[in-house]
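I have placed the structure first, in the form of structure tokens, so that the comments after it can refer back to it.
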Amino acid sequence: MHLLLVDGSSYVFRAFHALPPLNRKSDNLPVGCVQGFCNMLFKLTEDLKGDDQPTHMAVIFDHSAKTFRDDIYADYKAHRPPPPEELVPQFPLTRSATRAFSIPSIEMEGWEADDIIATYACMARDAGGKVTIVSSDKDLMQLVEPNGSIRMLDTIPRPGQPPLRWIGVDEVFTKFGVTPDKVIDVQALCGDAVDNVPGVPGIGVKTAAELINTYGDLETLLARAEEIKQPARRQKLIDNAELARISKQLVTLSREVPVELGLDALVRVPIEPGALFPFLKAMEFNTITKRLAGILEADPDAWEADPALAAKPVEAMGFDNAAKAEARAARLEASGRAEAALVAHAADVHERVKAIPLDHARYEIIRDAEQLRKWIEAIYAAGHVAVDVETTGLDNQTADLVGVCLSTAPGNGAYLPLDHRTGADLLGGGRVEGQMPMADALALLKPMLEDRSILKIGHNFKYDLGILARYGIVTAPIDDTLLLSYTLDGPRFNTMSELTSHWLGHGGIPIKDLIGTGKSQKTFAEVDIEAAARYGGEDADLTMRLWTLLKPRLPAENMSVVYETLERPLAPVLARMEGRGISVDRQILSRLSGDFAQRAAAFEAEAQALAGQPFNLGSPKQLGDILFGVMGLPGGTKTKTGQWATGADVLDELALQGVPLAKAVLEWRQLTKLMGTYTDALPSYINERTGRVHTSYSQASVLTGRLSSNDPNLQNIPVRTEDGRKIRTAFVASPGKILISADYSQIELRVLAHIADIQALKDAFEEGLDIHAMTASEMFGVPVEGMPSEVRRRAKAINFGIIYGISAFGLSNQLGIGRAEAGDYIETYFKRFPGIRDYMDEMRRRVKADGFVETIFGRKVQFPNANSKHPAERAFVERASINAPIQGSAADIIRRAMVKMEPALKKAGIEADMLLQVHDELIFEVDKGAEDKAMPVIAGIMESSAEPAVRLSVPLKVDAHAAHNWDEAH
DNA sequence: GCAAGGACGTA
DNA sequence: GTACGTCCTTGCA
């Protein structure tokens, strides 16, 4: 990997001073810097050939806002004059130019370009790559590294000098008199007049270098300042020690900017003519257009100038609304066209992949080390590989590895059998002949699977990551076709065969053809190797095909950021959480089970006595017949299948009317529910190897972006009733440890306040008020002091109703009031918070117009039947589309917190294991005694996790508690 | 042995 | 009124 980072802002300034002014012919817009910028980008790609040719590239700009350095030193860059007038309109154009050349343009509020450059440079170096920073800015010289892993390149034309001037350790030494690692110490002493870094007055570069070379570093120098012979110099250093320290902070580049795009997003792609020529034509850069047309073998006349950037005819510039609307339409069309080119590319790739024949005979069986080495070589040549592990089961915490499937390109595939066994002798270890020893094979695969320069592609890769982790392999980096599909199309396709049937017209060999089904099912270990190779080779091949066709859709459909920030980095985090599991106390559950069983039996006997006959209390059908048939109770309603409804709401009502049978059944149902789903079921999930319960998270099955948990579901452990809560006491910390539960307070209402921009709600959250009481007070004019609990309860129901896409029908059911009264409440709410109605109307409009709504982070939530001809279905979609941005944005916020959590804890020096996620709550396990330090850090990460992508207009609040069990920690 | 329906646990 | 997963019964293969 070779990453090229262009310091965009510094280049624009230098180009401004170095180049003669140039104005666009049609409207005199100054464009000289933009032209210089385009020439540079173009020349860079021309000049850097062979070994110097970059594989990854990005242009980094300063964002015109304050940075953390302003907080350290108020006068930082205070001497810098505002940019010249003619430069200002060129700033956004240089960003457009970057994108026109199909290069990522990166800038972040609160960070200087130099910090972002430092961060990416270190990321690439740590990944074993080479970095070139295109800049001559001395502030970046601290990043240069001796072995050439990080170099700088000065490309500003200077008379009498070669066009490309490399800056390595020697050049830095010439400039500062020290090696790059000591540059910040020298700068701390000599300061910088341009950036207004104070330094120590009277000390220049020469003196500074001499001092640092003598004493080693700044702190040693300041500590031993007394030893300096020259009296004036000695006194200056002693007097200005603090200034020097501040200066060092100012010049030290942050290498930990929370960048949104990973290195893989910076991979170089061919210039897209559909993006390039509309831009160049709008700028009226005829010479560059011709040159690039020749090189790209494209006809520039096939594209129109980008109307959003092109010179405007004079009549369209006035306050004419019609003209404005037209200009807006033109802009939209233009961005649509750029997108159209990407979409066409994605469609083209799809067609090409489909055309590649599927040939099971081509799949190789890898039987020895030499053959495996050849495949690994091919993988290195390709830079990526589709991987699929075959195992003995569906639970990756218990299944054993049987074989590994590989594919380096659509159409090829290989199967590496490792532990196939003869069915006759399962226990005695009848290992089938012709397989590599597993240890040898894994030793060869491990370096490749862990190599940061090789992209591993899987389908539902979290499963494979968990298996491989148990064999000591930490697979990274990864791409996941399931997550690509989920990002692009939502949870529409859930399995590999659904995806491949839809996109490739071929569902693949069904697994049951190999292992059978039902009682006679065998494990993959017993499948014969030739059949396994046809299946496994195809699996890897199909995964590779899916990746090839899905990945280009990300940029075409503007979903790269969602995938790169919310999906891809989360998978390994979840894999680790699943691997850790949580400790569950068998004895507590068994005691509870006994207690519940006894009480349930008593209620069962009572119910049957009251019914006058024995019947199955678990059968809603039998219960309904007894209540509304035999006993002839009034008020029965039927379900859609004609059965009597016997839900808890119905039985509650009957119990209220004085029907003791209803009460007995309700009690029985609660107790048997707790037994069947929790106290009896959970112990069977305790893993023998780890002694813990390992849930499995589904990252790609919820419409709104939430996670779901299964086998067992640990996201629905009871909490509302006293008996139910007892189950939580069985979730315990291991010996010497303690559990921490950290949950977002009212996150969905806060998100609603932000999205719908409801000032009254935002103020209430800002002031830390009881939000439901505040709502009640606003709606009913009742003071919060001494408010009856019933009033607050109604307001709370309305607040939740709003989140769920309220209807008078639903609210009346919830509150047990009339439809009309519920409708009045809703009307009052809308009058008091008009932004809510606007928000709801806007979501209804969008879902009908676009078929989707979005979260604040850009996740799309699709509703294919938004225009259904069934009114009930349409109403349902309307409510869901109102709910989705709220629930989904909250889900994205906690996803971001989870992605940031592990590195942030590590940085803070805190050892805490993240175990569980329950939608707005994270559970951790830490060493006893560490909880007081860990909790504020965890809460801080969660509260700020939206940033820097989104600056919320309401504060987020997280409550954290520590205890030995989950009940007390919650 | 499997799918659908009802019921109910969570946020 | 939103979003899930699991257990149990029932009815059909």
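Just so it is clear, the structure is predicted and the values come from calculations on it, not from any experiment. Each chain gets a letter, A, B and so on, in the order its sequence line appears, and its residues count up from 1.
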So, does A:S709 use its side chain to make a donor-acceptor pair with the main chain of A:L714 at under 3.5 Å? yes
Counting the atoms with a prime plus P, OP1 and OP2 as sugar-phosphate, which does A:Q814 contact under 4.0 Å by heavy atoms, base, sugar-phosphate, or nothing? base
Residue A:D920, side-chain atoms from C-beta onward, closest of C:dG1, B:dA11, B:dA7: B:dA11
Classify A:A648 by what it touches in the nucleic acid, base, sugar-phosphate, or nothing, heavy-atom distance under 4.0 Å. sugar-phosphate
Nearest whole angstrom, please: distance from the C1' of C:dT6 to the CE of A:M675. 15 Å
For a quick check of understanding: with a heavy-atom distance under 4.0 Å over all strands, which category does A:A875 fall into, base, sugar-phosphate or nothing? nothing
Of the listed C:dT2, B:dC8, C:dA3, the closest approach to the A:V702 side chain comes from C:dA3
Check whether any side-chain N or O of A:R706 sits under 4.0 Å from OP1 or OP2 of C:dA3, and answer yes or no. no
Do you know which of A:L623, A:T637, A:V650 makes side chain to side chain contact (heavy atoms under 4.5 Å, CB included) with A:F628? A:V650
When you measure from the side chain of A:T855 to the backbone N and O of A:P885, does any donor-acceptor pair fall under 3.5 Å? no
Contact class for A:G518 vs. all strands (heavy atom < 4.0 Å): base, sugar-phosphate, or nothing? nothing
Once you round it to whole Å, what is the distance between C1' of B:dG6 and CH2 of A:W644? 16 Å
Base C:dT2 paired with A:Q887 side chain (donor-acceptor, <3.5 Å): yes
For residues A:L482 and A:Y486, determine if any side-chain heavy atom of one lies less than 4.5 Å from a side-chain heavy atom of the other. no
Return no unless some side-chain N or O of A:S708 is found under 4.0 Å from OP1 or OP2 of C:dG5. yes
Short side-chain N/O contact to B:dG9 OP1/OP2 from A:T677, under 4.0 Å: no
May I have the distance from A:L623 (atom CG) to C:dC8 (atom P), rounded to whole angstrom? 17 Å
Nearest to the side chain of A:N716, heavy atoms from C-beta on, is which of B:dT10, C:dG1, B:dC8? B:dT10
Choose from C:dA3, B:dC2, C:dG5 the nucleotide whose nearest atom is closest to any side-chain atom of A:T517. B:dC2
NA contact type, A:Y678, heavy-atom cut-off 4.0 Å: base, sugar-phosphate, or nothing? sugar-phosphate
What is the separation between atom CD on A:E722 and atom P on B:dG9, rounded to the nearest whole Å? 15 Å
Quick check on B:dA7: is either OP1 or OP2 less than 4.0 Å from any side-chain nitrogen or oxygen of A:T646? yes
Tell me whether the OP1 or OP2 atom of B:dA11 has a side-chain N or O from A:Q917 closer than 4.0 Å. no
A:K673 has its side chain closest, among B:dG9, B:dA11, C:dT9, to B:dG9
Across the strands shown, which category fits A:T672 at heavy-atom distances under 4.0 angstrom: base, sugar-phosphate, nothing? nothing
For the side chain of A:T641, counting heavy atoms from C-beta on, which of B:dG9, B:dG5, B:dT10 is nearest? B:dG5
Among B:dA11, B:dG9, C:dG5, which is the nearest nucleotide to the side chain of A:H970? B:dA11
Report which part of the nucleic acid A:L811 touches: base, sugar-phosphate, or nothing (heavy-atom distance under 4.0 Å, all strands). base
Are any non-hydrogen side-chain atoms of A:R750 and A:L761 less than 4.5 angstrom apart? no
Starting at CD of A:E921 and ending at P of B:dG9, how long is that distance when rounded to a whole Å? 18 Å
Starting at atom CD of A:Q622, determine the distance to atom C1' of B:dG6, rounded to an integer number of angstrom. 14 Å
Answer yes if the ring centres of A:F596 and A:Y678 are under 6.0 angstrom apart, and no otherwise. no
Considering only side-chain heavy atoms of A:R728, which listed nucleotide, B:dG6, B:dA11, C:dA3, is closest? B:dA11
Determine whether any donor atom in the side chain of A:N713 lies under 3.5 Å from an acceptor atom in the base of C:dG5, or the reverse, and answer yes or no. no
How about A:Q622 and A:D625: does a side-chain donor come under 3.5 Å of a side-chain acceptor? no
Which nucleotide in the set C:dT6, C:dG1, C:dT9 lies at the smallest distance from any side-chain heavy atom of A:I806? C:dG1
Separation of atom OH in A:Y685 from atom P in C:dC7, rounded to whole Å: 5 Å
By nearest heavy atom, map A:P712 and A:T704 onto DNA chain C; which one lands nearer the 5' end? A:T704
Can you tell me if the side-chain N/O atoms of A:R720 get under 4.0 Å from OP1 or OP2 in B:dG9? no
How many whole angstroms separate atom OH of A:Y697 from atom P of C:dG5? 13 Å
Is the ring pair A:W966/A:F731 parallel, tilted or perpendicular, if the boundaries are 30 and 60 degrees? perpendicular
Under 4.0 Å between any heavy atoms, over every strand shown, what does A:I717 touch: base, sugar-phosphate, or nothing? Just pick one. sugar-phosphate
